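To keep things clear, I will list the structure first and then write my remarks on it.
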There are 2 protein chains.
Amino acid sequence: MWAGDQLSFVASVVRGVARLSQTLPDGRTRVVGLLMSSDFLGRPGREVLGCDVTAISDLTLCCFRREPFESLRAEIPHLTDRLLDLALDEMDAARDWILLLGRKTAREKIASLLAICAWRAGTTSYSAQGKPVWQPTTGPLTIDLVLSREMMADYLGLTIETTSRQISALKTLGVIALEGNRRVIVPDLRRLLAETGDDIGLMGHQQRQV
Amino acid sequence: MWAGDQLSFVASVVRGVARLSQTLPDGRTRVVGLLMSSDFLGRPGREVLGCDVTAISDLTLCCFRREPFESLRAEIPHLTDRLLDLALDEMDAARDWILLLGRKTAREKIASLLAICAWRAGTTSYSAQGKPVWQPTTGPLTIDLVLSREMMADYLGLTIETTSRQISALKTLGVIALEGNRRVIVPDLRRLLAETGDDIGLMGHQQRQV
DNA sequence: CGCTATATTGATTGGTGTCAACGGGAGTGG
DNA sequence: CCACTCCCGTTGACACCAATCAATATAGCG
């Protein structure tokens with residue numbers, strides 16, 4: 001979509017999912033971030049983004065041209081505060097991810113990803129401050145995976161085959177059920193969380209002690 | 001050192017190295033960041049840090065108590081701009097790291113880490129803007145590793161043994177030479193870069209196209 | 001109803017983790 | 001000054017998880 005180009009705009013994701021990725025010269029590619037609704041795209045104060053952005057679903061962006069945005073930022077200092085806040089959140093997510101990539105097994109990685117998506121699915125409402133609110137659910141939970149197996153694999157640093165195998169394994173264990181290829185049903189969230197390798201399960205996404 | 005505590009101050013690293021880490025309940029620990037000179041410690045606008053900080057060398061910090069700092073930030077909007085800038089840099093580094101952890105072999109990880117340290121070692125001067133300036137070197141380069149093998153392993157998501165083995169392998173290949181345990185000599189930087197798995201080698205640290 | 005992309009499953013290999021033994025330097029105490 | 005110990009690093013043998021190669025199945029779509 002855009003590759004290291006100068007971005008003439010910044011944007012906020014309204015709906016859909018986009019992926020941030022980088023590529024090694026030998027062709028290996030890594031997803032280094034996922035942008036979902038309310039996430040911010042662009043580098044305030046910077047010219048260039050530094051990685052590729054690809055839409056992986058229908059995507060609605062709220063765009064601002066760069067120069068007006070920068071001058072607006074000069075006028076309203078509080079805007080920068082908010083951007084800093086977003087950047088720090090991103091940083092937390094990135095650190096959780098680093099933890100995941102470095103020290104988790106394939107099974108735990110898959111479970112963690114599903115748990116994060118379950119959390120996203122369960123986060124349907126927002127508080128007055130714009131912070132997502134977790135809706136605790138006891139019953140079964142349905143996740144609409146927007147990601148293909150390949151993208152999950154890239155996301156987790158695995159191969160497609162291993163990804164598929166671990167999903168099958170979780171299905172056999174009864175931790176999840178599949179409905180088509182990209183819809184996952186979680187009968188008991190706790191069982192899924194138990195597979196993630198950290199007892200918090202959502203790795204701080206749920207109630208991070210930031 | 002400090003674990004998830006409320007930090008009553010923010011700080012800038014003057015000299016030395018500190019590590020940011022998180023721990024999984026079963027005891028697996030992951031370094032999720034390294035703080036070196038000029039790096040910033042603390043979360044402007046936040047109460048709590050969210051991960052552990054440990055000094056791994058003599059460490060000199062330039063500390064500010066939180067409340068005065070926050071009010072200073074309110075007075076001087078430009079300060080927040082600078083903090084945002086730092087956060088975005090951190091984000092870039094985190095993304096590079098994610099790439100490294102997810103798609104690189106043990107050999108490439110070690111080489112990448114050494115390359116980064118070589119870059120740090122070669123960065124002796126700073127431009128007027130405070131940006132480090134890379135001093136291109138053709139001759140041999142000496143790196144003072146502050147890190148123990150264990151910390152390198154945690155940093156890279158490897159075990160101590162694998163770390164040691166890969167270092168030995170690079171030594172056998174003549175890519176590096178050891179002088180004691182924590183001093184590395186790089187006769188030809190290009191040969192080291194060739195082992196990192198990305199032709200840029202320094203993973204954007206050298207001349208990131210941000 | 002095929003065609004293609006995506007996903008699953010199987011067989012095998014290889015890289016990294018694990019367990020275990022050994023080496024060497026620094027500090028300590030006799 | 002030497003013996004002892006402890007910590008860190010190295011090296012080896014082996015096991016195991018995930019990658020790779022390969023075949024098949026399924027879903028999506030014209």
Side-chain angles (χ1 to χ4, degrees), chain A residues 19 24 26-31 54 56-58 100-114 143-173 176-184 195-197, chain B residues 19 24 26-31 54 56-57 100-114 143-173 176-185 195-197:
Chain A
R19 128 192 127 159
L24 266 55
D26 61 6
R28 284 176 292 182
T29 167
R30 279 286 297 122
V31 175
T54 316
I56 58 179
S57 75
D58 285 343
L100 180 150
L101 286 172
R103 282 283 178 261
K104 288 200 171 187
T105 65
R107 172 83 47 98
E108 291 169 338
K109 287 179 181 179
I110 297 286
S112 298
L113 178 59
L114 291 177
I143 308 170
D144 272 304
L145 272 191
V146 204
L147 306 168
S148 68
R149 296 287 185 273
E150 182 177 10
M151 247 170 273
M152 294 179 63
D154 278 343
Y155 194 87
L156 299 171
L158 300 172
T159 59
I160 311 175
E161 295 93 328
T162 304
T163 303
S164 182
R165 265 186 260 271
Q166 293 304 330
I167 289 180
S168 300
L170 288 175
K171 189 175 61 177
T172 306
L173 287 173
I176 61 174
L178 295 183
E179 190 174 283
N181 258 335
R182 303 200 183 172
R183 173 163 296 186
V184 181
E195 298 286 345
T196 61
Chain B
R19 131 192 127 163
L24 265 55
D26 63 4
R28 284 176 290 182
T29 166
R30 278 287 296 122
V31 176
T54 316
I56 59 179
S57 75
L100 181 150
L101 287 173
R103 281 282 178 263
K104 288 201 172 187
T105 65
R107 170 82 50 95
E108 289 170 339
K109 288 179 181 178
I110 296 287
S112 297
L113 178 59
L114 291 177
I143 308 170
D144 272 303
L145 273 191
V146 203
L147 307 168
S148 67
R149 295 288 185 271
E150 182 176 11
M151 247 170 273
M152 294 179 64
D154 279 342
Y155 194 87
L156 299 172
L158 300 172
T159 58
I160 311 175
E161 295 92 330
T162 303
T163 303
S164 181
R165 264 186 263 269
Q166 294 303 331
I167 289 180
S168 299
L170 287 175
K171 189 175 64 178
T172 305
L173 287 173
I176 61 172
L178 296 183
E179 191 174 282
N181 261 334
R182 304 198 181 173
R183 173 162 296 186
V184 181
I185 298 168
E195 298 287 342
T196 59

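Predicted model, so just to flag it, every value in this text is computed and none were measured. Residue numbers begin at 1 in each chain, while the letters A, B, ... track the order of the sequences.
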Legend entry - Atom-to-atom span, CZ of Arg183(B) to P of dG9(D) - whole angstrom: 16 Å

Legend entry - For Glu161(A), salt bridge (Lys or Arg N to Asp or Glu O under 4.0 Å) partners two or more places apart: none

Please list each protein N or O that sits under 3.5 Å from an N or O in nucleotides 25-30 of chain D, with the distance.
none

Inset, instruction - Considering only heavy atoms of chain B and a distance under 4.0 Å, specify the first and last nucleotide of DNA chain C in 5' to 3' order that meet this criterion. - result: dT16(C) to dC19(C)

Legend entry - Side chains of Leu113(A) and Leu100(A) in contact at under 4.5 Å (non-hydrogen atoms): no

Legend entry - Shortest non-hydrogen contact between Ile160(B) and Ala153(B), atoms and distance: N-CB, 3.8 Å

Inset, instruction - Using a 4.0 Å heavy-atom cut-off across all strands, classify Arg182(A) as base, sugar-phosphate, or nothing. - result: sugar-phosphate

Inset, instruction - Return the set of residues passing side-chain hydrogen bond (donor to acceptor under 3.5 Å, both in side chains) with Ser164(A) (not counting sequence neighbours), or none when no residue passes. - result: none

Legend entry - Glu150(B): partners by salt bridge (Lys or Arg N to Asp or Glu O under 4.0 Å), with sequence neighbours left out: none

Inset, instruction - Kindly give the heavy-atom pair with the smallest separation between Val146(A) and Ser57(A), and that separation in Å. - result: CG1-CB, 3.5 Å

Legend entry - For Tyr155(B) against Leu101(B), the heavy-atom pair lying closest together: O-CD2, 4.2 Å

Inset, instruction - Calculate the interatomic distance between Lys109(A) atom NZ and dA19(D) atom C1'; express it in whole Å. - result: 12 Å

Legend entry - Axis bend over the full length of the helix from dC1(C)-dG30(D) to dG30(C)-dC1(D), computed from five pairs that close each end, to 10 degrees: 30°

Legend entry - Which residues share a side-chain hydrogen bond (donor to acceptor under 3.5 Å, both in side chains) with Asn181(B), sequence neighbours left out: none

Inset, instruction - Determine the sole option in Glu108(B), Lys109(B), Arg103(B) for which the side chain to side chain contact (heavy atoms under 4.5 Å, CB included) test with Thr105(B) is passed. - result: Glu108(B)

Legend entry - Partners passing side-chain hydrogen bond (donor to acceptor under 3.5 Å, both in side chains) against Gln166(A) (at least two apart in sequence or in another chain): Arg107(A)

Inset, instruction - Remember a base hit wins even if backbone is also touched, and classify Leu158(A) as base, sugar-phosphate or nothing at under 4.0 Å, heavy atoms. - result: sugar-phosphate

Inset, instruction - State which residues pass salt bridge (Lys or Arg N to Asp or Glu O under 4.0 Å) with Arg182(A); sequence neighbours excluded, sorted by chain then number. - result: none

Polar atom pairs between nucleotides 11-14 of chain D and protein, under 3.5 Å, N or O only, would you list them?
{"from": "dT11(D)", "atom 1": "OP2", "to": "Ser168(B)", "atom 2": "OG", "distance (Å)": "2.6"}
{"from": "dG12(D)", "atom 1": "N7", "to": "Arg165(B)", "atom 2": "NH1", "distance (Å)": "2.9"}
{"from": "dG12(D)", "atom 1": "O6", "to": "Arg165(B)", "atom 2": "NH2", "distance (Å)": "3.3"}

Inset, instruction - Could you tell me whether Ser148(B) contacts a base, only the sugar-phosphate backbone, or nothing, with contacts defined as non-hydrogen atoms closer than 4.0 Å? - result: sugar-phosphate

Inset, instruction - Could you tell me which non-hydrogen atom of Leu145(A) sits nearest to which non-hydrogen atom of Met152(A), and how far apart they are? - result: CD1-SD, 3.7 Å

Inset, instruction - Please determine if Arg183(B) and Glu179(B) form a salt bridge, counting it only when a charged side-chain N lies under 4.0 Å from a carboxylate O. - result: yes

